[in-house]
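Shown next, in structure tokens, is the structure this report addresses.
Counting from 1, the numbers follow the sequence of the chain as shown. This one's a predicted model, so the numbers in the text were calculated from it and none came from an experiment.
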Amino acid sequence: MKGLRLVSCLAAAIVLAACGGGGAASAKVIKLGAILSITGAGGVYGPQSRDGMNLAVKQINASGGVNGATIKLTINDDASLQPQAQQLAQTLIQQEQDLALLGPTLSNSAVAAHPLAERLKTPILAVSTTGIHIVPDCNFPSTAPCQYVFRDSLGEQTAIPDNIQSYAADAHPKTGVLLVAQDDKFSSDGGLIVQNTVGQYGITLKKTIKFNKAEADLSPYVTQAVQLNPDVIFITSLGGIPAKIMTEARNQGWKGQFLGGNGFNTATVSKDAGASGKGARSASAWYLGNTFPSNAEFVTAFKAEYGHDPDQFAAQGYTAIKVLADAASRANLTFSDLAGDRDRLRAAMETVNIQTPLGPFQFTASHDVKQTVWIIAMDGNGGFTLVHEIKAS
């Protein structure tokens, strides 16, 4: 297995068996395993998720843990590769005997790891995957709902339509072109959602331009888009690609609006896009300046720990640990019956109702997220400004 297993530098931990002899509450450990893209195409998102998770674990353990049990979190790098994510999931569930998993970072990896966790009846919480068929239908095209898969990241089926509707109401664009990476699930799902949405808001999609994300030179595709002179260029891709497309389009003199999905929502992409990305809009699960008290506490603690502002992916990672800790505190864990404890945790997750940096947090009946949506725009300096706030329905 090529995956780099990075043991969290936190001394304490959460999970299923009493460590050593005695079995005192202080020796109980809740083991959690995160599968993240620390490297590879998702490497602009995974490290932020890791930092948010580690901060939450540190806080929980410092305040006495979960009913006296400590959380032990391991961070595992799948290098943004689907087979590696699947192998890690199997190792963490069967060999490491973790109580629950978090991740993977990318939807393309989740379609392999999530069905495995479902078959092995192990709770897994998606912290950044936003594609189609994540929850509740992780075994799509099977119609049987997945019981062990949850998500705290805002799905593109909500985010992209909200973003398009918001911009259409503000600026009334008439035409668009879609640039979509065709070789990963997140990007192609996003492209499909754009295609299915624009007509509802009076936007004619002049062309869908497909490319492969590994291509070194994207300028011919951008040229095709620019020559059509659309009001909007939609971009559904991940990693550093959106910033490259924005820069090339501006260099070619195009002055229209960029709209995108979750791939826009990290400071790394905003910084790389720079002035070329100023005004580029997306819908986000989180906004730095949101006024929820739990968010202010999180931002302050994160900056003290890491010396810089968090982003959406850090907030979702942090929230995921808080969600699992809350569920574990109510699950009546035995620390001797792993299969039973996994099922007890799963049931407790369904009734989570806590305050988080994302705002008041609950799961829907389909294990998806129910929360506020933030329409944000790149500020040209590596950050974001708030455009609209859409309350949870």
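- By the neighbour-count criterion of 12 heavy atoms within 6.0 Å, atom CG of Asn196 is densely surrounded, having more than that number from other residues, nucleotides or ligands.
- Ring geometry for Trp286 versus Phe298: interplanar angle over 60°, hence perpendicular rather than tilted (30 to 60°).
- Partners of His172 according to the ring pair (Phe, Tyr, Trp, His ring centres under 6.0 Å) rule, which considers only residues two or more places apart in sequence or in another chain, do not exist here.
- Taken together through direct or relayed side-chain contacts under 4.5 Å among Ile, Leu, Val, Met, Phe, Trp and Tyr, Leu218 and Ile235 form part of one hydrophobic cluster.
- Sequence neighbours left out, the pairs with a member in residues 286-315 that pass salt bridge (Lys or Arg N to Asp or Glu O under 4.0 Å) are Lys58-Glu305, Lys303-Asp309.
- Side-chain contact, Gln252 with Thr223: a donor N or O sits under 3.5 Å from an acceptor N or O.
- Salt-bridge formation is detected for the pair Asp368/Arg151: a Lys NZ or Arg NE/NH1/NH2 atom is positioned less than 4.0 Å from an Asp or Glu carboxylate oxygen.
- For residues 138-220, the set of pairs meeting the disulfide bond (SG atoms under 2.5 Å apart) definition, not counting sequence neighbours, comprises Cys138-Cys146.
- With no hydrogens or angles considered, a side-chain donor-acceptor pair links Gln182 and Asn212 at under 3.5 Å.
- Cluster annotation: Val222 is connected to Trp254 through the hydrophobic network of ILVMFWY side chains, with a link wherever side-chain heavy atoms come within less than 4.5 Å.
- For Lys244 and Asp272, the salt-bridge test fails: no basic side-chain N is under 4.0 Å from an acidic carboxylate O.
- Within the structure, disulfide bond (SG atoms under 2.5 Å apart) contacts touching residues 259-302 (residues at least two apart or in different chains) do not occur.
- Residues in residues 42-75 take part in these ring pair (Phe, Tyr, Trp, His ring centres under 6.0 Å) pairs, two or more places apart or across chains: Tyr45-Phe313.
- A continuous path of ILVMFWY side-chain contacts below 4.5 Å connects Tyr306 to Leu73, so both sit in one hydrophobic cluster.
- Using a cut-off of 4.0 Å between Lys/Arg side-chain N and Asp/Glu carboxylate O, Arg330 and Asp326 are scored as salt-bridged.
- Listed by first and then second residue, the salt bridge (Lys or Arg N to Asp or Glu O under 4.0 Å) pairs that reach into residues 277-288 are Asp170-Arg281, sequence neighbours excluded.
- The aromatic ring centroids of Phe150 and Phe363 lie less than 6.0 Å from each other.
- Looking at Glu389 and Lys391, a side-chain N of the basic residue comes within less than 4.0 Å of a carboxylate O on the acidic one, giving a salt bridge.
- Of the N and O atoms on the side chains of Gln195 and Thr208, at least one donor lies less than 3.5 Å from an acceptor on the other residue.
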